[in-house]
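See structure below.
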Amino acid sequence: MKAEFYARDVCVVARELIGCIVHHGPCAGVIVETEAYHESEPACHAFIGNTPRTRTLYAAPGCAYVYRSYGVHAMLNAVAEVEGVGAGVLIRALQPLVGIEQMRERRGVHELEQLCAGPGRLTQALGIGLELNGTDLDRGPVTISPPAAGTPPPAILAATRVGITKAVELPWRFASVDTRFVSRPWPRQDGSSDDGATAARSPNRSAGAGSSR
DNA sequence: CATGGGATTGACT
DNA sequence: GTCAATCCCATGC
């Protein structure tokens with residue numbers, strides 16, 4: 001997608017990226033979970049301003065912001081809002097589409113649901129490294145394309161973001177309703193008691209609903 | 001120049 | 001559930 005798609009409110013971009021397709025080489029997957037980050041709130045790297053670490057977030061919309069997390073994992077973001085505003089959408093999970101055997105080799109895991117269920121996992125599965133920081137998500141090597149024509153817009157869930165300690169209250173995490181491929185269990189939507197249906201539908205991690213942080 | 005802290009994952013108790 | 005791995009960089013002396 002072109003820069004105009006990304007040059008909008010970062011939460012709108014995060015929602016509309018659900019259902020789009022990330023490609024890298026022979027591998028591709030449907031985006032099923034995202035989070036929005038904006039310089040106005042302290043969970044965003046750009047909150048501290050434009051520094052060597054954060055400069056890509058301020059670059060042109062549609063760039064890839066790839067950074068190292070915990071000294072270990074690569075995280076893939078799509079830079080959003082107009083150039084000069086620090087904002088991006090973290091891609092948190094994919095439903096694997098093609099290149100699945102190569103994903104399994106890179107991950108050392110067989111189960112389809114485990115290949116791209118997490119921001120560090122999907123970059124490993126697709127072979128996306130820090131050297132791709134700043135590259136253009138329309139021109140590649142990593143590209144994001146719209147859903148296949150005729151695909152109905154997916155129903156979207158919103159919740160609070162994961163793994164952060166600041167601005168934890170903002171509901172800027174988005175996912176497709178099919179939680180089979182998401183990175184962490186989705187918080188329970190209704191207030192009713194558990195009848196077992198929720199857990200039965202989520203082979204996702206060990207436990208059923210509820211948060212661990 | 002030294003230190004602290006992560007937008008996480010996987011192994012272990 | 002708990003915890004280490006691992007490294008760039010922002011911050012403070």
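In what follows, chains carry the letters A, B, and so on, assigned in the order in which the sequence lines appear, proteins first and then strands, with residues in each chain numbered from 1.
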Quiz prompt | d(CZ, A:Phe47; C1', C:dA10) in whole Å | solution = 14 Å
Practice problem: Round to the nearest Å and state the distance from A:Asn77 atom CG to B:dG6 atom P. | Solution: 17 Å
Exercise. Establish, for the pair A:Arg68 and A:Tyr70, whether the NZ or CZ atom is under 6.0 angstrom from the six-membered ring centre and no further than 45 degrees off its axis.
Key: no
Quiz item: Is any side-chain N of the basic residue among A:Arg8 and A:Glu81 closer than 4.0 Å to the acidic one's carboxylate O?
Solution: no
Quiz prompt | C1' atoms of B:dG10 and C:dC8, separation to the nearest Å | solution = 22 Å
Quiz item: Has A:Arg121 got a side-chain N or O lying under 4.0 Å from the OP1 or OP2 atom of B:dG10?
Solution: yes
Quiz item: So is A:Arg161 actually on top of A:Tyr37's ring, under 6.0 Å and inside 45° of the axis?
Solution: yes
Exercise. With a 3.5 angstrom cut-off on both distances, give the Watson-Crick or G-U wobble partner of B:dA7, or none if there isn't one.
Key: none
Exercise. Measure from CD1 on A:Ile48 to C1' on B:dG4 and round the result to the nearest Å.
Key: 14 Å
Self-check item: Base of C:dA5 paired with side chain of A:Tyr70 (donor-acceptor, under 3.5 Å)
Solution: no
Exercise. Please state how far atom CZ in A:Arg55 lies from atom C1' in C:dC9, giving the value in whole angstrom units.
Key: 13 Å
Practice problem: Grab the OH-C1' distance between A:Tyr67 and C:dC7 for me, whole Å please. | Solution: 14 Å
Quiz item: Roughly how many Å is it from CG in A:Leu130 to C1' in C:dC9, rounded to a whole number?
Solution: 13 Å
Quiz prompt | Check: A:His45 ring centroid to A:Tyr67 ring centroid under 6.0 Å | solution = yes
Practice problem: Have a look at A:Arg161 and say if it touches a base, only the backbone sugar-phosphate, or nothing, with a 4.0 Å heavy-atom cut-off. | Solution: nothing
Quiz item: Using a cut-off of less than 4.0 Å, is there contact between a side-chain N or O of A:Thr51 and OP1 or OP2 of C:dA10?
Solution: yes
Quiz item: Expressed in angstrom and rounded to an integer, what is the separation of A:Leu17 atom CG from B:dA7 atom P?
Solution: 20 Å
Exercise. Between A:Lys166 and A:Arg107, name the one whose nearest nucleotide on DNA chain B is closer to the 5' end.
Key: A:Lys166
Quiz item: Of the candidate nucleotides B:dA7, B:dG6, B:dT9, which contains the atom at the shortest distance from the side chain of A:Leu90?
Solution: B:dA7
Quiz item: Considering only side-chain heavy atoms of A:Pro119, which listed nucleotide, B:dT9, C:dT6, B:dG6, is closest?
Solution: B:dT9
Exercise. For the side chain of A:Leu57, starting at C-beta, report the closest nucleotide among B:dT8, C:dT6, B:dA7.
Key: B:dA7
Quiz item: Rounded to the Å, how far apart are A:Arg184 CZ and C:dG1 C1'?
Solution: 13 Å
Quiz item: For A:Arg55, does the CZ atom have more than 12 heavy-atom neighbours from other residues, nucleotides or ligands under 6.0 Å away?
Solution: no
Quiz prompt | OP1 or OP2 of B:dT8 under 4.0 Å from side-chain N/O of A:Arg92 | solution = yes
